[in-house]
Each structure stands twice: as C-alpha cells, then as structure tokens.
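Just so it is clear: chains get the letters A, B, ... in the order the sequence lines come, proteins before strands, and each one is counted from 1.
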Number of protein chains: 2
Amino acid sequence: MLHEAAVFQAIASPRRCEILRLIWAEELAAGDIHRAMPDVTFGAVSLQLRQLLDAGLVRMRAESRSRLYRARREALGAVGKMLERMWDDALWRLKLEAELEETRRGPRPQARRKKKKG
Amino acid sequence: MLHEAAVFQAIASPRRCEILRLIWAEELAAGDIHRAMPDVTFGAVSLQLRQLLDAGLVRMRAESRSRLYRARREALGAVGKMLERMWDDALWRLKLEAELEETRRGPRPQARRKKKKG
DNA sequence: TTTATAATTTAGTTTAAACTAAAATGATTG
DNA sequence: CAATCATTTTAGTTTAAACTAAATTATAAA
C-alpha cells in the first residue's frame, strides 16, 4: 500500500481525480485523456499524469507512439473505494437532476411511474 | 457521512492533518492547539480550524473564554481510519529511528535487549 | 531523410492557499 | 466601566500549485 499522505495530496486536486476517473476502468492514451478535458492544454494533462505516476497511483505503458495510462486501483485501496462512491454519487445526482427537470415540464406524478425508454 | 471531495481537500494539508491528530482523542482549546505548533501564528491556526469546522471535520464548543475543538471522528469514516494508520506508522518510524540511532552509538545487539529506562 | 504524430519538458505566468501582523470581537475579572 | 484574555477576522504578503505556449524528444510513415 502507498504512503497515505502522498495519496491524499494526489487526490486533493479535482483535475487529478477526474483523470483517475477516466482511467479507472479502461486504459487510455494521454491524448484521449486530454480530449476528454479540452479546457486545458495537453501539456497540463501530461504534467498531472506525471504527478500521478510519481505518486504511484497510475501505471503507464508505451505502445507505438502512444502512452497508455490506467489507474492502479489496487494501490489506492480504501481511497479508491471512496472515489468510486463519490463518482457513483455524482451519477446519482445527475439522474436526480434529470428527474427534477422532468417534473418541471409537467405535473408531478402521484407515484413513481415506469419510465418510457428512449 | 460527509461529501468526500471536501474531506480529501481538507486533509490534503499537513497542517490540518496535524491539527486533527492533536484533537483526535482529546478536546483542546484553540490556544492549546497553537501552543503545540509554535512555528505559526495563532491567527493561522484559527483560520485552519475554521476551515476544518466549515468542512464538518471538527466540532467546537465555547466554554468561558475558550473554544474547545475536537475531531468528528465519526464524520471522517474511512479517511479517519487511514489517518490513524498514518499516525501509527509515524510513531513506528520514530521508534525505529530511535533504535537506529542507538545502534550508531554502539555495537548492534544480536537480539532485542530490554531498554534501560531514563 | 523528411514530415507528421504523440507526448513530454521547460520557462514563465496566473491563481489560489497559507501565512503574518494588526485590528476587532466577546467573555471575564477587578 | 476599563482591563485582560482567548480567539477571530481582515487586509495584505509570500509561497506553491496549476496552467500556457513553445521547445524538445521519440516513434512511425512517406
């Protein structure tokens, strides 16, 4: 297991958390990660990836011209579990927000109705 | 349970972690906390305490002129467990370091000897 | 070898956090 | 009430993190 202080420091940045989330379940190239966060430069993403790598929170392997990153979930231990819960909560919030939006466009149903799919 | 992002942010600072450690097992007045970290001003300590309070990581109660703080261990959940482990490790490191120091002043004993007290 | 692609690194800038010194608050004592 | 103590708050400074733009490295394709 990693030195917790380093882990806390690493995940304190929303940017690094977002990167971790992106490469939590799949391996992505640095460029893919950057495309998912177009509000910053490629350089900025690369620097954060380096920090995560130095902290031991992600793995990297070179494939042809690309460098593929993925989270070292096993190294994150309990912090990882908490990140997952946080991300799940975010999804839940989005879902909730969508439902709230729906209610704003029509009368609030008495009881939960089966949603029409689509 | 608290919003994890806020917890991560709060514990990312070594100063705030140190404060949490001080008030983990006992209630301390702001002034006591400051006396334990004389490298910063009272004002600085007070500001960090306010952050911890706003983040919901500590409780405060006023008693006479003092304000007594203590960690809300229950609110910290798994992060709290990790902090504890981190602090235990620190103690262990100190102990180890002391033993190493001892070996530098004399021949390394074959097996652990009972320490002379004082 | 030249050109293009993928990423990293560097140097300098912006931004935010932590801090200090001093002023303000609020309870307690004389 | 004034004086003191414990603490907080404010305004301004220092320091560190994140960022950008541009230069650099490394791989692959033409």
message: Tell me whether the side-chain N/O atoms of A/Arg15 come closer than 4.0 Å to OP1 or OP2 in D/dA17.
response: no

- prompt: Looking across every strand, which nucleic acid part, if any, lies under 4.0 Å from B/Gly43 by heavy atom: base, sugar-phosphate, or nothing?
  reply: base

- prompt: Base, sugar-phosphate alone, or nothing: which one does B/Ala29 contact when heavy atoms must sit under 4.0 Å apart?
  reply: sugar-phosphate

message: In this structure, how many angstroms lie between the P atom of D/dT7 and the NE2 atom of B/His34, rounded?
response: 11 Å

query: NA contact type, A/Thr41, heavy-atom cut-off 4.0 Å: base, sugar-phosphate, or nothing?
result: base

query: Across the strands shown, which category fits B/Ala30 at heavy-atom distances under 4.0 angstrom: base, sugar-phosphate, nothing?
result: sugar-phosphate

task: Quickly work out the A/Arg67 CZ to D/dA28 P distance and round it to whole Å.
output: 11 Å

query: So B/His34 and B/Phe42, would you call those rings parallel, tilted or perpendicular, with 30° and 60° as cut-offs?
result: parallel

message: Expressed as a whole number of angstroms, how long is the span from B/Arg65:CZ to C/dT28:P?
response: 8 Å

query: Which part of the nucleic acid, if any, lies within contact of B/Arg35, taking any heavy atom under 4.0 Å across all strands shown: a base, the sugar-phosphate backbone alone, or nothing?
result: nothing

- request: Could you tell me whether the phosphate oxygens of D/dT9, OP1 or OP2, come under 4.0 Å of any side-chain nitrogen or oxygen in B/Arg50?
  value: yes

message: Just to be sure I understand the rule, does A/Glu63 reach a base, reach only the sugar-phosphate, or reach nothing, if contact means heavy atoms closer than 4.0 Å?
response: nothing

- request: Tell me whether A/Leu47 is reachable from A/Ile33 by hopping between hydrophobic residues (I, L, V, M, F, W, Y) whose side-chain heavy atoms are closer than 4.5 Å.
  value: no

field: Pair B/Arg15, B/Gln48: side-chain N/O donor-acceptor within cut-off below 3.5 Å
entry: no

- request: Answer yes or no: does a side-chain N or O of B/Tyr69 lie under 4.0 Å from OP1 or OP2 of D/dT8?
  value: yes

message: At less than 4.0 Å, is any side-chain N or O atom of B/Gln48 found next to OP1 or OP2 of C/dA17? Yes or no.
response: no

message: Does B/Ser64 reach a base, just sugar-phosphate, or nothing at all? Heavy atoms under 4.0 Å.
response: sugar-phosphate

message: Under 4.0 Å, counting only non-hydrogen atoms across every strand here, what does A/Asp32 touch: a base, just sugar-phosphate, or nothing?
response: nothing

query: What integer distance in Å separates A/Leu53:CG from C/dT8:C1'?
result: 12 Å

message: Side-chain N or O of A/Gln9 versus OP1/OP2 of D/dA17: is the shortest distance under 4.0 Å?
response: no

